[in-house]
Amino acid sequence: MTEKSQSNTKNILSLNSIEVVYDSVIVAVRGISLQVPRGGIVALLGANGAGKSTTLKSVSGLLAPERGKITRGHIEFDGEPIRDAAPDSRVGLGICHVIEGRRVFEHLTPDENLEAAAPMKLSRAEVNRERDRIYDYFPRIAQRRKSKAGYLSGGEQQMLAIGRALMTRPKLLMLDEPSLGLAPLLVAEIFGIIQRINRENGLSVLLVEQNAMAALEVVSHGYLIEQGRIVMHDTAQALKENSDIQEFYLGGGQAKNFHEIKHYRRRKRWLS
Ligand code: ATP
């Protein structure tokens, strides 16, 4: 087996030196490389504007509507190059991207939301089976299955948005800040469900979060992105123990941004 095919077997997703530019001038992502192991859960952590969402969009193919373009590097999914593939063909390959902001059809019920997300090729019986499978993971949503989604709480809408993604039976689920605006207990509940789905179905997950504390409890590895560059990559345990991460992301420090801390700057220079 060649080195390349070995890496394909091990990693479902591999980004190599990806650069993304918006409007031909704004460089949002500056040559990042990251891997998601098959069946693994990996976090991409970073502050506002660091380039997390842009990275996910480069994988799902959602850059074009925002005048964004991959200008360098390559992306492999499940052993196939996908950098120039159309977004719908990426969904067909098994990539599902739950974008930030828990988008659901508010005027439809959860039943209808899940049905609308099912692939066209499924029969009615298969759609019902898939829907029951989702409700098994999200019993809260099952209880509200006939109410309008617009009346669900923020956490329930997030669960429904994830449920809609799961209706496509993806191989890789990319979640953009699922914890945003949710109470800590609810975040723990949602992350616990994601972990269960990962364990029971072998679903690979790439989790984008500013809430490093919660994310590092469920992932095996994490990448820290800052100003479009990966500045740290390690196991979740090592990241939790890292003093810089503790200072900025785990509630240990007062600083609102990294630039206020000199030693972080020094470390960052050393790492990059
Ligand atoms: P957040 O947590 O705030 O969503 P992020 O880490 O996901 O932040 P991105 O949304 O990827 O960051 O943004 C990275 C950089 O690219 C930022 O400087 C942002 O202003 C810029 N950017 C993002 N989208 C666009 C766009 N459509 N057009 C121009 N610049 C953009």
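Every number for a ligand or one of its atoms is a count from 1 in the order of the listing.
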Would you mind listing each N/O atom of ligand 1 next to any protein N/O under 3.5 Å, plus the distance?
{"unit_1": "ligand 1", "atom_1": "2 (O)", "unit_2": "N48", "atom_2": "OD1", "d": "3.4"}
{"unit_1": "ligand 1", "atom_1": "2 (O)", "unit_2": "K52", "atom_2": "NZ", "d": "3.1"}
{"unit_1": "ligand 1", "atom_1": "2 (O)", "unit_2": "E177", "atom_2": "OE2", "d": "3.0"}
{"unit_1": "ligand 1", "atom_1": "2 (O)", "unit_2": "Q210", "atom_2": "NE2", "d": "3.3"}
{"unit_1": "ligand 1", "atom_1": "3 (O)", "unit_2": "N48", "atom_2": "OD1", "d": "2.8"}
{"unit_1": "ligand 1", "atom_1": "3 (O)", "unit_2": "G49", "atom_2": "N", "d": "3.4"}
{"unit_1": "ligand 1", "atom_1": "4 (O)", "unit_2": "E100", "atom_2": "OE1", "d": "3.4"}
{"unit_1": "ligand 1", "atom_1": "6 (O)", "unit_2": "A50", "atom_2": "N", "d": "3.0"}
{"unit_1": "ligand 1", "atom_1": "6 (O)", "unit_2": "G51", "atom_2": "N", "d": "2.9"}
{"unit_1": "ligand 1", "atom_1": "6 (O)", "unit_2": "K52", "atom_2": "N", "d": "2.9"}
{"unit_1": "ligand 1", "atom_1": "6 (O)", "unit_2": "K52", "atom_2": "NZ", "d": "2.8"}
{"unit_1": "ligand 1", "atom_1": "7 (O)", "unit_2": "S53", "atom_2": "N", "d": "2.8"}
{"unit_1": "ligand 1", "atom_1": "7 (O)", "unit_2": "S53", "atom_2": "OG", "d": "2.7"}
{"unit_1": "ligand 1", "atom_1": "8 (O)", "unit_2": "G49", "atom_2": "N", "d": "2.7"}
{"unit_1": "ligand 1", "atom_1": "11 (O)", "unit_2": "T54", "atom_2": "N", "d": "2.9"}
{"unit_1": "ligand 1", "atom_1": "11 (O)", "unit_2": "T54", "atom_2": "OG1", "d": "2.5"}
{"unit_1": "ligand 1", "atom_1": "12 (O)", "unit_2": "G51", "atom_2": "N", "d": "3.1"}
{"unit_1": "ligand 1", "atom_1": "27 (N)", "unit_2": "E66", "atom_2": "OE1", "d": "2.9"}

Worksheet item: Taking everything shown except R196 itself, do over 12 heavy atoms lie less than 6.0 Å from its CZ?
Response: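 More than 12 heavy atoms, drawn from other residues, nucleotides or ligands, come within 6.0 Å of this atom.
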Fill in: CA sep, side-chain torsions, deciding dist, call: R124, E115, salt bridge (charged side-chain N to carboxylate O under 4.0 Å, His left out)
CA-CA 9 Å; R124 158 63 46 196; E115 204 175 311; 2.8 Å; yes
Worksheet item: Would you say the side chain of R164 lies within less than 4.5 Å of the side chain of L114, judging by non-hydrogen atoms?
Response: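 Yes, close enough: below the 4.5 Å cut-off.
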Practice prompt. Considering only NZ, NE, NH1 and NH2 on the basic side and carboxylate oxygens on the acidic side, decide whether K52 and E209 come within less than 4.0 Å.
Written response: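 Here K52 does not pair with E209 in a salt bridge, since their nearest N and O are not under 4.0 Å apart.
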Fill in: Donor-acceptor contact present, side-chain R133 to main-chain L166, <3.5 Å
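Yes, because the side chain of R133 sits within donor-acceptor range (under 3.5 Å) of the backbone of L166.
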Item to complete: Could you check whether the rings of H233 and H221 sit parallel, tilted or perpendicular, using 30° and 60° as the cut-offs?
Response: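 It falls in the tilted class, 30° to 60°.
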